[in-house]
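Data first, discussion second: the structure below is written as structure tokens.
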Amino acid sequence: MESHSYDIRALPLVLTAEELVQILGLKRHLVYALLRSGQIKSLRIGTAFRIPRQALEAYMASVVHDHTESKQIGGTLHATVQ
């Protein structure tokens with residue numbers, strides 16, 4: 001998979017699900033699962049998802065926050081990122 005770097009401030013104010021696939025580098029079905037579950041906040045316009053850039057920022061902050069709160073057991077960092 002090709003790697004890209006994004007400046008989140010340069011992204012459009014509203015993103016499509018397909019743009020999230022590219023930005024997050026996840027499979028399409030995983031992005032849609034995150035949207036349907038509400039883990040990434042979105043708007044539905046008809047059948048289409050629209051994701052405010054701020055919602056992507058909030059999701060990324062929560063993933064980083066969850067990762068940094070992982071427990072350290074026996075000198076080894078144990079983390080679960082969903």
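- A donor-acceptor pair is defined here as one N or O able to donate and one able to accept, closer than 3.5 Å; such a pair exists between the side chain of R53 and the backbone of L11.
- You'll find the side chain of L56 reaches within 4.5 Å of the side chain of L24, heavy atoms only.
- Taking OG of S42 as the start and OH of Y32 as the end, the distance is 10.5 Å to the nearest 0.5 Å.
- Note that CG of L35 and CD1 of I51 are 5.0 Å apart. Values are rounded to the nearest 0.5 Å.
- Note: the hydrophobic cluster containing I8 also contains L26 (ILVMFWY, side chain heavy atoms under 4.5 Å, direct or indirect links).
- I40 and V63 fall within a single hydrophobic cluster, where Ile, Leu, Val, Met, Phe, Trp and Tyr are joined by side-chain heavy atoms under 4.5 Å apart, directly or via other members.
- In this structure, the separation between CG on L15 and CD on Q54 is 12.0 Å, given to the nearest 0.5 Å.
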(request) Run the numbers on F49 and V31 for side chain to side chain contact (heavy atoms under 4.5 Å, CB included), then give the verdict. (result) CA-CA 11 Å; F49 284 97; V31 167; over 6 Å; no
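- Residue R9 places its CZ atom among 12 or fewer non-hydrogen atoms of other residues, nucleotides or ligands, all under 6.0 Å distant.
- Atom-to-atom distance recorded for R36:CZ and L34:CG is 10.0 Å, nearest 0.5 angstrom.
- Judged by distance alone, with hydrogens and angles left aside, the side-chain atoms of E19 form a donor-acceptor pair with the main-chain N or O of T16 at under 3.5 Å.
- Under the 4.5 Å side-chain heavy-atom criterion for ILVMFWY residues, a single connected hydrophobic cluster contains both V21 and M60.
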